[in-house]
2 protein chains.
Amino acid sequence: MTMDTTPLAGLLAAVPDTDGLDTRILDAALAEFETYGLRRVSVEDVAKRAGVARTTIYRRFTNKEQLLQAVILREVRRFLTAIAEATERLGSAEEAVVEGFVVGLQAARDQALLTRVLHSEPESFLPQLSMNGGAVMLAARDILADRLRRARPGDRQDFDTVAEVLLRVAVSLLLVPDGGLRLDGEDEIRAFAREHLTRLLRPSP
Amino acid sequence: MTMDTTPLAGLLAAVPDTDGLDTRILDAALAEFETYGLRRVSVEDVAKRAGVARTTIYRRFTNKEQLLQAVILREVRRFLTAIAEATERLGSAEEAVVEGFVVGLQAARDQALLTRVLHSEPESFLPQLSMNGGAVMLAARDILADRLRRARPGDRQDFDTVAEVLLRVAVSLLLVPDGGLRLDGEDEIRAFAREHLTRLLRPSP
DNA sequence: AGAGCTACAATACTTGTAGTTCTGTCCTTC
DNA sequence: GAAGGACAGAACTACAAGTATTGTAGCTCT
């Protein structure tokens with residue numbers, strides 16, 4: 001048996017969650033953070049919403065910061081799972097590129113926590129971005145690259161980089177929305193990806 | 001005679017700068033902002049460094065914010081000029097893609113003001129990004145798209161979007177450096193652009 | 001074993017205030 | 001048109017007093 005050390009494995013590793021109380025707490029914390037931002041939420045608030053004593057939260061999570069990280073981790077895991085599932089039943093590599101991009105961009109835009117912090121507490125966003133951003137991108141990249149390799153078994157091209165470029169385009173659309181590309185609906189996103197991003201793939205050998 | 005209304009024209013429009021005093025002030029302001037950030041610099045500091053009375057600055061610029069915007073505008077103009085010049089004597093469209101990306105990314109990374117604010121005053125960076133980021137990207141996109149069209153006179157493909165994707169990849173490398181792609185030296189950047197980004201171009205007709 | 005509850009020290013965050021700096025304008029002199 | 005001084009109002013800094021929050025511990029109940 002080998003030790004899993006990839007970012008993907010680390011981020012997608014199964015969670016114990018014996019009794020569902022962790023889940024209740026994380027749900028409450030997520031709801032609070034999404035509604036009020038990070039700064040204005042106290043552990044007490046989370047406890048009240050979860051219907052739990054404050055001390056219980058401290059028994060499960062070492063401190064507020066780690067609670068936040070646990071919330072983020074779960075959201076990241078959901079995000080990655082969404083990408084993984086949407087690209088699982090793979091047709092062509094082109095299809096994987098398109099669906100990976102569409103789902104990735106949409107899921108990121110729909111992340112209430114992310115957009116909340118980005119818009120109402122930008123000062124805490126950049127730090128979080130440099131703390132988690134790279135790892136999340138690597139994990140998502142690994143998933144997509146895997147899909148591409150599966151779709152093109154013989155092909156030895158650099159799928160990692162192709163996948164990362166996809167993701168970086170999505171990231172920049174998220175962070176700098178006011179460019180020439182609007183990409184509003186799912187249809188627009190898909191059309192753009194199909195028309196332009198599939199070109200990143202070399203024609204199959 | 002037609003009115004120029006493109007972002008490019010607006011940003012690249014010639015500056016009067018009658019006497020060179022504006023330049024002295026802008027030089028001083030740039031140096032101060034690069035060294036100490038935006039918050040810690042007073043107009044007095046700028047005046048001292050420029051060897052000018054503080055009131056003079058207020059005669060030339062309406063307020064501190066507008067002085068900052070003038071500094072940024074000049075830097076943006078330099079940035080765009082660098083891209084425009086580096087891609088002027090165009091060979092193939094592929095060459096334009098590669099050089100545009102290399103010069104754009106390097107120039108952005110070497111912008112002392114940008115990196116200064118990004119790292120030491122992130123809270124003021126995101127607002128600036130949404131204020132100016134889109135326009136700058138549009139202007140740079142127009143320049144690059146123009147180069148591509150010139151290199152492929154008959155070709156009717158969507159060069160605007162190709163150019164924008166290039167730029168967005170560069171932006172994301174700037175904002176999220178800790179991914180799988182390091183792209184440290186000029187050679188690495190160029191190799192990446194040549195290998196992957198030129199694929200965004202459709203083969204010539 | 002683990003949640004609830006109370007209590008508690010330490011820390012962090014508000015509030016109000018006084019003092020200082022900075023901004024932006026005006027006016028006079030050169 | 002620039003320099004320089006002078007000035008009111010705004011913004012920032014420092015600091016003290018009060019309040020809220022954090023994180024820990026002990027005890028009870030199941």
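Here is how names work: the chains are called A, B, and so on, in the same order as the sequence lines, proteins then strands, and each is numbered from 1. Here the structure is a predicted model, which means the values were calculated and not measured.
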>> Please determine whether side chain to side chain contact (heavy atoms under 4.5 Å, CB included) holds for the pair Ile25(B) and Phe61(B), giving the CA-CA distance in whole Å, both sets of side-chain angles, and the decisive distance to 0.1 Å.
In response: CA-CA 10 Å; Ile25(B) 295 171; Phe61(B) 304 91; 3.7 Å; yes
>> Show, in sequence, the C-alpha distance, side-chain angles and deciding distance for Val117(A) and Gln128(A), and conclude whether the side chain to side chain contact (heavy atoms under 4.5 Å, CB included) test is met.
In response: CA-CA 10 Å; Val117(A) 176; Gln128(A) 291 290 343; 5.6 Å; no
>> Side-chain N or O of Thr56(B) versus OP1/OP2 of dA2(D): is the shortest distance under 4.0 Å?
In response: no
> Can you give one letter per nucleotide of nucleotides 25-30 of chain D, going 5' to 3': B for a protein heavy atom under 4.0 Å from the base, S for sugar-phosphate only, - for none?
Replying inline: BB----
> Atom CD of Glu44(B) to atom C1' of dG4(D): distance rounded to whole Å?
Replying inline: 11 Å
> Can you give one letter per nucleotide of nucleotides 7-14 of chain D, going 5' to 3': B for a protein heavy atom under 4.0 Å from the base, S for sugar-phosphate only, - for none?
Replying inline: --------
> Could you state the OH-P distance from Tyr58(B) to dG5(D), rounded to the nearest angstrom?
Replying inline: 17 Å
> dA3(D) P sits how many Å from Lys48(B) NZ, rounded?
Replying inline: 15 Å
> For Asp22(B) and dA2(D), what is the distance between atoms CG and C1' respectively, to the nearest whole Å?
Replying inline: 13 Å
> Angle, rounded to 10°, between the helical axes spanning five pairs at each terminus of the helix from dA1(C)-dT30(D) to dC30(C)-dG1(D)?
Replying inline: 40°
> Are there more than 12 heavy atoms of other residues, nucleotides or ligands under 6.0 Å from atom CZ of Arg78(B)?
Replying inline: yes
> Nearest-Å distance, CZ (Arg40(A)) to C1' (dA20(D))?
Replying inline: 15 Å
>> I need the single residue from Asp160(B), Asp142(B), Asp158(B) that forms a salt bridge (Lys or Arg N to Asp or Glu O under 4.0 Å) with Arg149(B). Which is it?
In response: Asp160(B)
> Tyr36(B) versus Asp45(B): any side-chain heavy-atom pair under 4.5 Å?
Replying inline: no
>> Measure NZ/Lys64(B) against C1'/dT25(C) and give the value in whole Å, please.
In response: 18 Å
> Is any side-chain nitrogen or oxygen of Arg60(A) closer than 4.0 Å to OP1 or OP2 of dG2(C)?
Replying inline: no
>> Run Tyr58(A) and Arg54(A) through side chain to side chain contact (heavy atoms under 4.5 Å, CB included) and show every step you take.
In response: CA-CA 7 Å; Tyr58(A) 281 104; Arg54(A) 191 169 58 91; 3.6 Å; yes
> Between Glu32(A) and Arg49(A), does at least one N-O distance fall below 4.0 Å, as a salt bridge requires?
Replying inline: yes
>> What I want to find out is whether Glu99(B) reaches Arg190(B) closely enough, with some N-O distance under 4.0 Å, to be called a salt bridge.
In response: yes
>> Nearest whole Å is fine: how far is dT21(D) P from Leu67(A) CG?
In response: 16 Å
> In a check of salt bridge (Lys or Arg N to Asp or Glu O under 4.0 Å) between Glu94(A) and each of Arg147(A), Arg152(A), Arg199(A), Arg194(A), which one passes?
Replying inline: Arg152(A)
> Under 3.5 Å, is there a donor-acceptor pair between the Asp155(A) and Gln157(A) side chains?
Replying inline: yes
>> By the definition side-chain contact (heavy atoms from CB on, under 4.5 Å), identify the one residue from Val98(B), Leu183(B), Asp187(B), Val102(B) that meets it with Phe192(B).
In response: Leu183(B)
> Val52(B) or Ser42(A): which one's nearest nucleotide on DNA chain D is closer to the 5' end?
Replying inline: Val52(B)
>> So for atom CZ, which belongs to Arg150(A), do other residues, nucleotides or ligands contribute more than 12 heavy atoms lying within a distance under 6.0 Å?
In response: yes
>> Please report the distance, rounded to the nearest Å, between CG in Asp45(B) and P in dT23(C).
In response: 8 Å
> For the side chain of Leu21(B), counting heavy atoms from C-beta on, which of dT23(C), dA2(D), dG23(D) is nearest?
Replying inline: dA2(D)
